[in-house]
4 protein chains.
Amino acid sequence: EQQTREMAGDTTSLHTLLDSLTKVNNSSERASKLFQWFVHPIPSKSFFRDTWEKKPLLIKRQKQDYYKGLFSTAEFDRILRDDNVQFGVNLDVTSYINGKRETHNPPGRALPYTVWDYYESGCSLRMLNPQAFSSTVWNVLSILQELFGSMAGANVYLTPAGTQGFAPHYDDIEAFVVQLEGKKHWRVYNPRSEDEVLPVVSSPNFSQGEIGKPILDVVLEAGDLLYFPRGFIHQGDCLPDAHSLHITVSSYQKNSWGDLLTKLVPAAVEIAMEEDVEFRKGLPLDYLSYMGVQNSDKEDPRRAEFLSHIGSLMKKLVGYAPVDAAVDQKARGFLHDCLPPLLTPAEKASSVYGAPARWEDGEALGLTVHVRQQTRIRLIRAGIARLCSDGEEVSLYHTAENSRVYHKEELKSFEIKPEHTDAMEFLLHSYPKFVTVSSLPCDTAEEKRSLADLLFEKGLIHTADPLKSE
Amino acid sequence: EQQTREMAGDTTSLHTLLDSLTKVNNSSERASKLFQWFVHPIPSKSFFRDTWEKKPLLIKRQKQDYYKGLFSTAEFDRILRDDNVQFGVNLDVTSYINGKRETHNPPGRALPYTVWDYYESGCSLRMLNPQAFSSTVWNVLSILQELFGSMAGANVYLTPAGTQGFAPHYDDIEAFVVQLEGKKHWRVYNPRSEDEVLPVVSSPNFSQGEIGKPILDVVLEAGDLLYFPRGFIHQGDCLPDAHSLHITVSSYQKNSWGDLLTKLVPAAVEIAMEEDVEFRKGLPLDYLSYMGVQNSDKEDPRRAEFLSHIGSLMKKLVGYAPVDAAVDQKARGFLHDCLPPLLTPAEKASSVYGAPARWEDGEALGLTVHVRQQTRIRLIRAGIARLCSDGEEVSLYHTAENSRVYHKEELKSFEIKPEHTDAMEFLLHSYPKFVTVSSLPCDTAEEKRSLADLLFEKGLIHTADPLKSE
Amino acid sequence: EQQTREMAGDTTSLHTLLDSLTKVNNSSERASKLFQWFVHPIPSKSFFRDTWEKKPLLIKRQKQDYYKGLFSTAEFDRILRDDNVQFGVNLDVTSYINGKRETHNPPGRALPYTVWDYYESGCSLRMLNPQAFSSTVWNVLSILQELFGSMAGANVYLTPAGTQGFAPHYDDIEAFVVQLEGKKHWRVYNPRSEDEVLPVVSSPNFSQGEIGKPILDVVLEAGDLLYFPRGFIHQGDCLPDAHSLHITVSSYQKNSWGDLLTKLVPAAVEIAMEEDVEFRKGLPLDYLSYMGVQNSDKEDPRRAEFLSHIGSLMKKLVGYAPVDAAVDQKARGFLHDCLPPLLTPAEKASSVYGAPARWEDGEALGLTVHVRQQTRIRLIRAGIARLCSDGEEVSLYHTAENSRVYHKEELKSFEIKPEHTDAMEFLLHSYPKFVTVSSLPCDTAEEKRSLADLLFEKGLIHTADPLKSE
Amino acid sequence: EQQTREMAGDTTSLHTLLDSLTKVNNSSERASKLFQWFVHPIPSKSFFRDTWEKKPLLIKRQKQDYYKGLFSTAEFDRILRDDNVQFGVNLDVTSYINGKRETHNPPGRALPYTVWDYYESGCSLRMLNPQAFSSTVWNVLSILQELFGSMAGANVYLTPAGTQGFAPHYDDIEAFVVQLEGKKHWRVYNPRSEDEVLPVVSSPNFSQGEIGKPILDVVLEAGDLLYFPRGFIHQGDCLPDAHSLHITVSSYQKNSWGDLLTKLVPAAVEIAMEEDVEFRKGLPLDYLSYMGVQNSDKEDPRRAEFLSHIGSLMKKLVGYAPVDAAVDQKARGFLHDCLPPLLTPAEKASSVYGAPARWEDGEALGLTVHVRQQTRIRLIRAGIARLCSDGEEVSLYHTAENSRVYHKEELKSFEIKPEHTDAMEFLLHSYPKFVTVSSLPCDTAEEKRSLADLLFEKGLIHTADPLKSE
């Protein structure tokens, strides 16, 4: 507690914090601490209890360096110069003038020569997927995703003084607007109706006449944070005297109970049909004559009976719902969405990335160094991997080979053989504790070693101490 | 009652019966009467109450001409000669010798020269889709499909004396084996387990050791009927002294409550997500850490809470289930599966097919004859069409342009304009009564006439009296 | 000679002619005789020498029954009534009024009730593919295709008095307009330029201002014939006093030397590259710096050298051109386009279609009857099959299982084994002579018999005398 | 001359050479000089006259550092460590033992821990596409591709002492084997037949018995070069006392006269059909009866006539062959294959990549700096772009946005407006001279400036002096 407060305290810059987090011995805890710093001084617990998915929150800090180091316009310029930023893919050039929203992307690469010209002429710049170009953004999001259990994304927005780049609208994600430089005037509006509370899809652009009066009208300054749930309409514009740079961190897209049910209930019907003859019995011979839209106004007692039978079957479905399997289906989607972990130096040194195997002085060296029975191992991150069963086979899905570019790689997995399943589960549940290879619940020492070696090769585990040549 | 008994009586041949059915004023009633004849002397009502989907039934008649006219080996030969029967598409050549089941189809057209050669060498012949070649089979199935509310199909089997063509197996349909010529020895076995009662898919071929002892061991003779539900294993072989010809009429493939739920529950989730914010709320932040297969043995109170919330949401789903829309989705599948109606001469004469428009003596004649306000109209068949709503639009789906070849045509439909919807529903519900065009609930006489003319052109309605030139 | 003149003479109606053709012992000869009747009194030889692909030809006969039996409006009405004619697929409803060409096809089946209504209101009717519905048209075209060596197609046009159904245009086929009933006023125009002589694709609709003055302005009456080559612009309209029915027989679509070269020259390059190292040698290192559009105005001696080398390689290509293989590729396209043969009763009786194998009196009979060594056989038609080599394998492509509907069936073929190749070629070249099975150049009697039986089963050969039970 | 000899002289290391090449004012000249160094002391001119595509060449240098800096095992190790090298995509693990060639790629990323283990157990490593990971290899290949006018590729091979990694085979490319470290024993064999001289596709693996006796049997040591044309069979194995690292530089895959003809002749036929009625005339009515494989042995005078006409049409084709357009089609393939240029610091500074537009001190600066009428410009590389005409439009295709990964990007192009075409051609032909914007042949100063600005933005031109703020 004390430690957290200190870390999150006034004098802590982001890079000091990230550095101190490398010493936190559990990636879930890292995530909690980082999020706590994010919403400081609101305790995360109260944030998630009172605010999350419920209402906007403004944190004014009067500390313009609070988020310093997360991203800057200098880094924006550096990225344009050094990286292959493509208009329309990684960068959008937009304007919103007199109620008209336009996109001005030319084809091809976005170089400073062209981009700053657009900016100077009053266009806003939106960098999509900054985590692909900025290691700090990558690091922060890859830590936060373990807290959310749902993809953490980000966009960066740079807006010239006196302009607005986007029309009022709402999104389908929880949004954390982090003001990095300059100032921006924000207006936030309630969802327009019950149907638009926590909506499933983003809205189109609204006209000013469609959105009512703001419930929040505020100027964000560097160091401030504005949070609002999906469904809350918002618009931001720059005052005449200052440009604005902010990053919006987002999460919880398609992560609702209904999204889980979408995967769960078809599977439940399938299982019910396999296991319960009631679901396999034929429909009544004559049901088409009283059911269906053309018969929906008919006063036919058979309709009530039919509906009641459907109702009782649907209730019975609960008993066949493969909840854990559906959660795993959802989890696999999340694992595919995840950023790969940005490993700390110590994690690198104690994993396959730091293994002593190397070419040196004209020969391959360090080849005898492997995990052994007494080597102490654990997962390299709490959320790096997940054991799922796809029918017959058990597979381990993992994020170690994901790309910083969204879905550029397929979701990676490999089979876990029956003799390794218990040991794999044991390892997953042991985290954050290290365990010796010999303690893995396998039948033979060779099986223990081969599982440990496989996981080590794939970069999914690291050792308590770096492997060394003897 | 009396009339039915007579029709189904001993002296009634199929063609006399079909002829008398043309005078029955309601296609649903025709279907009932035809089915009653089929299972005579068992009353259909008791058949469907006691036997259907429950257990096999054998009807021995000692009347070898009972089903005469339905199909014959002579017709089989005629079809091979006159129609484009393709091996592997319309005809299978099979054998089952010493426990080995084989298919012997050569490529190309099946001509008598080749087919009878296979038969003589001991192969069985299975004609798929005989309704495409035999008008009587087409007629019978197209009538029965209105009773079943589910596709009625058929296969014909011709087996040489002393041979067996197929291995023991069970099917995914209700089967009516109608012995047409010769004799066949049948053995029927109980489903092997609860899981195979009313199964969803057909079985592979079984060896004799896998199927236990028959519950029925009988010789079918011409005129006899053997019914068994899906899941009951069966095999038939010819005695050394007689070949066998039978037709198997089938129905109720994928027509269970579960099949309806497969369409219903995903739609229910979608609607619940639109209408009820409980379904749109986010999943718990940490649910991936205690749910999923890798956590299924964990004793964590959050698991019970999660499962309980899933349970209550699934129960709530009942309230959002669009049952009529799902029935219509199922109904559209059935309409697509349907055989087109085989119209009686009277139906032809009083429909578009008998309209007086024609070319005669060098000019087009009969063009002034159209439906008028006082014309009395009704659907040409109870099951010819169905009114469904696909979101915005209301459409009428129909079977009038279906093909005798399964799914050769796309399902046909056309839009019913808002001003015609009530009248269309009125017409559907009026059947079998004729109503005047002027009685249709439309705002104007022109709207009434245009709907009637559209339906007449499409062949969906007929008139109480043939249209005549004045 | 004498016989031909008589057959084509005034008193010969089409059906008498077709009947007499069944006695002509060679299908190529049948084709010649039928075509001679078609263009009578012009000798075909002079027609093909002086007119074909060169200029329009009008034959006025003053014999309105000359083409009687080919097609009629009565048959048009019968087809609409009995066959599944679909608007937009088999029938187009068109108009051309005040220079505006329109198509009025509703969706669905074209029944007399609807079709004659359109006709009465002044629309023209074009039946596409009448050969699918009319046996006579099928018969005539299937005979003519053997003359043309290129698909023979047809459309039927019915036009109300005083109207025009189509705008002026030219086609990509040789057209024979056969006036069947009534009268039609035709105007034919020269190709507009050298580039439009024998064009590869049809023209769009022209306005009257684009086409110059007609070179032919004539009224066709029943019994008359109008021929014009592809590229000649034409338009036809009905006089106020008479409707018109004509059929246009067409051929030679994409059947030019260039179409053959399109298949030939890429194959020639491929072979040259395999066989001649000159074609495999590398291009000059620097050719991109002086060749290409951006360098086409450069005065660089290397350009001339490069072009000259290309020229000499192209000339060398002639030596590698696989002309026979390219002709076979073209021939396979033609075989796929072909109508199946309409067999004469005698052809049927002496082929697999008339073989005595049958079901009779409860058993399969006539099964011992097969082709034997002394059986005399020949192809059932000159153009029924073609032997082609696709690399390793030799295959026989044939039209016996083609459909009357264009390309409804895939092109059919089967492998001819090496031991049958010479015999197959022998059979192909023997036509129209019958040869005994024993005379086939195979090594063994069994090989001779098996080839003959295979071809007999496929319907490709017939026997000098019908096979009979002994 | 003098300068070249010095540059290529004994004491010149690769990096000194590459550095001196940055001062060579013409990228084609750079390519020549680099290639001269490559094959020193053979003059390139004699190499291309006497050896290229003709016979193997061995250059023994006794200078093991001659190619130093091009690639090393240390760099191999560095790449495995730092870059995302994937087994099967970027790296192959192979062995050839007792005549059996095997590939041992596991799935996933190739890390030193795994790779060196395979190496130690005797497997060879082949790195595909090292240019994606090594800037020097990228630089060298991107320079050489301008010499070859054809893609220059490379593979790196690391082989343990006493092993062989590949079976004898021949390739479809000109190969330059550059020995970098250690030693390798090579045997080179003549093409087995005329047909395998300069072959179009690579061979399968040969057994030792299929390849005859070597014409070259030699040990390559670091600094040595072995060249052999496509079609020459080769195999290399390591002596027991030394491992081997070599890089094979390749070019001229599918770059033969025949490859150009493959694009040219179908286009020639198309044009001939448009322009010359002889090509549109119909084939003879009866050609199918004497042409084709089944008639190829016929002695029919019509065959000779047919073949002769085909021959004369093929010769006529030369006159219609669009050589420049076909070259451009080939050139576009090459541009797509090309590596992007690795710009020198001076090129960067004087191009869009060095333009002063930037973010600094909270604002966008350097925005007023653009090319002006007096600015002197030229293409940034001779081969960076090519002007092609695709029918109506003229487009500039270029390599500036290509990827170092083969075909990862689509070929890039943009339209050149009619008013810019002459100026674009002028610029292309002016290289390597700088020209002022005002000297571009456009109608207006604004047109000149807009073309120059477009090309500058795309990175295709640079300026004689870096653009500076005024």
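No hydrogens, no waters, no symmetry mates; every other heavy atom, side chains included, goes into these values. The sequence lines fix the lettering, A, B, ..., with proteins before strands; numbering per chain opens at 1.
Only the side chain of B:A321 has a heavy atom closer than 4.5 Å to any heavy atom of chain A. For chain B, the nearby parts of A:L198 are the backbone and the side chain; heavy atoms of each come within less than 4.5 Å. Contacts of A:L307 with chain B are made by side-chain atoms alone, with heavy-atom separations under 4.5 Å and no backbone atom involved. Contacts of B:Y252 with chain A are made by side-chain atoms alone, with heavy-atom separations under 4.5 Å and no backbone atom involved. Contacts between B:P199 and chain A at a heavy-atom distance below 4.5 Å involve the backbone alone (N, CA, C, O). Interface residue B:L387: backbone and side-chain heavy atoms are both found under 4.5 Å from chain A. Looking at B:V318, the atoms closer than 4.5 Å to chain A (heavy atoms on both sides) sit in the backbone and in the side chain alike. Interface remark: B:K254 contributes no atoms to any contact with chain A (heavy atom separation under 4.5 Å). Contact of B:D259 with chain A is made through backbone and side chain together, with heavy-atom distances under 4.5 Å.
Distance alone, capped at 3.5 Å, places no donor-acceptor pair between the B:Y287 side chain and the A:G149 backbone. Checking side-chain atoms of B:H429 against main-chain N and O of A:K298 turns up no donor-acceptor pair under 3.5 Å. Counting only distance, with no hydrogens or angles, the side chain of A:N255 and the backbone of B:G282 share no donor-acceptor pair below 3.5 Å. Looking only at distances, a side-chain donor or acceptor of B:S256 sits under 3.5 Å from a matching main-chain atom of A:F279. Under the 3.5 Å distance criterion, the side-chain polar atoms of A:R280 are left unmatched by any main-chain donor or acceptor of B:V200.
For the set B:E174, B:E274, B:E146, B:M314, the count of heavy-atom pairs under 4.5 angstrom toward chain A peaks at B:M314. Top candidate by heavy-atom pairs under 4.5 Å with chain A, chosen from B:R230, B:M424, B:E275, is B:R230. Counting heavy-atom pairs closer than 4.5 Å to chain B, the top-ranked of the candidates A:W52, A:F334, A:F148 is A:F148. Ranked by heavy-atom pairs shorter than 4.5 Å toward chain A, the options B:Q294, B:K330, B:Q329 are led by B:Q294. In terms of heavy-atom pairs under 4.5 angstrom with chain A, the leader among B:D328, B:T262, B:V394 is B:D328. The choice from B:P284, B:P322, B:G311, B:S251 that makes the most heavy-atom pairs within less than 4.5 Å of chain A is B:P284. Highest contact tally toward chain A, considering only B:E278, B:E270, B:H309, is held by B:H309 [criterion: heavy-atom pairs under 4.5 Å]. Heavy-atom pairs under 4.5 Å with chain B were tallied for A:M291, A:M273, A:E53, A:K281; the largest tally goes to A:K281.
The two residues A:V327 and B:G292 have their closest heavy-atom pair at CG1-N, 3.9 Å. B:D297 and A:E425 make their closest contact through OD2-OE2, 4.3 Å (heavy atoms, listed as atom of the first residue, atom of the second, distance). Residues B:R386 and A:L288 share a closest heavy-atom pair of NH1-O, 2.8 Å.
At least one side-chain heavy atom of B:L260 sits under 4.5 Å from a side-chain heavy atom of A:I310.
To the nearest 0.5 Å, the span separating CZ on A:F35 from CG on B:L285 amounts to 8.0 Å. Taken to the nearest 0.5 Å, the CG atom of A:D286 stands 10.0 Å off from the OG atom of B:S32.
Enclosure of atom CD in B:E305 is not indicated, since only 12 or fewer non-hydrogen atoms of other residues, nucleotides or ligands lie within 6.0 angstrom. Within a 6.0 Å sphere centred on NZ of A:K433, heavy atoms belonging to other residues, nucleotides or ligands number 12 at most.
Looking at B:D324 and A:R303, a side-chain N of the basic residue comes within less than 4.0 Å of a carboxylate O on the acidic one, giving a salt bridge.
A distance below 6.0 Å separates the ring centres of B:W257 and A:F306.
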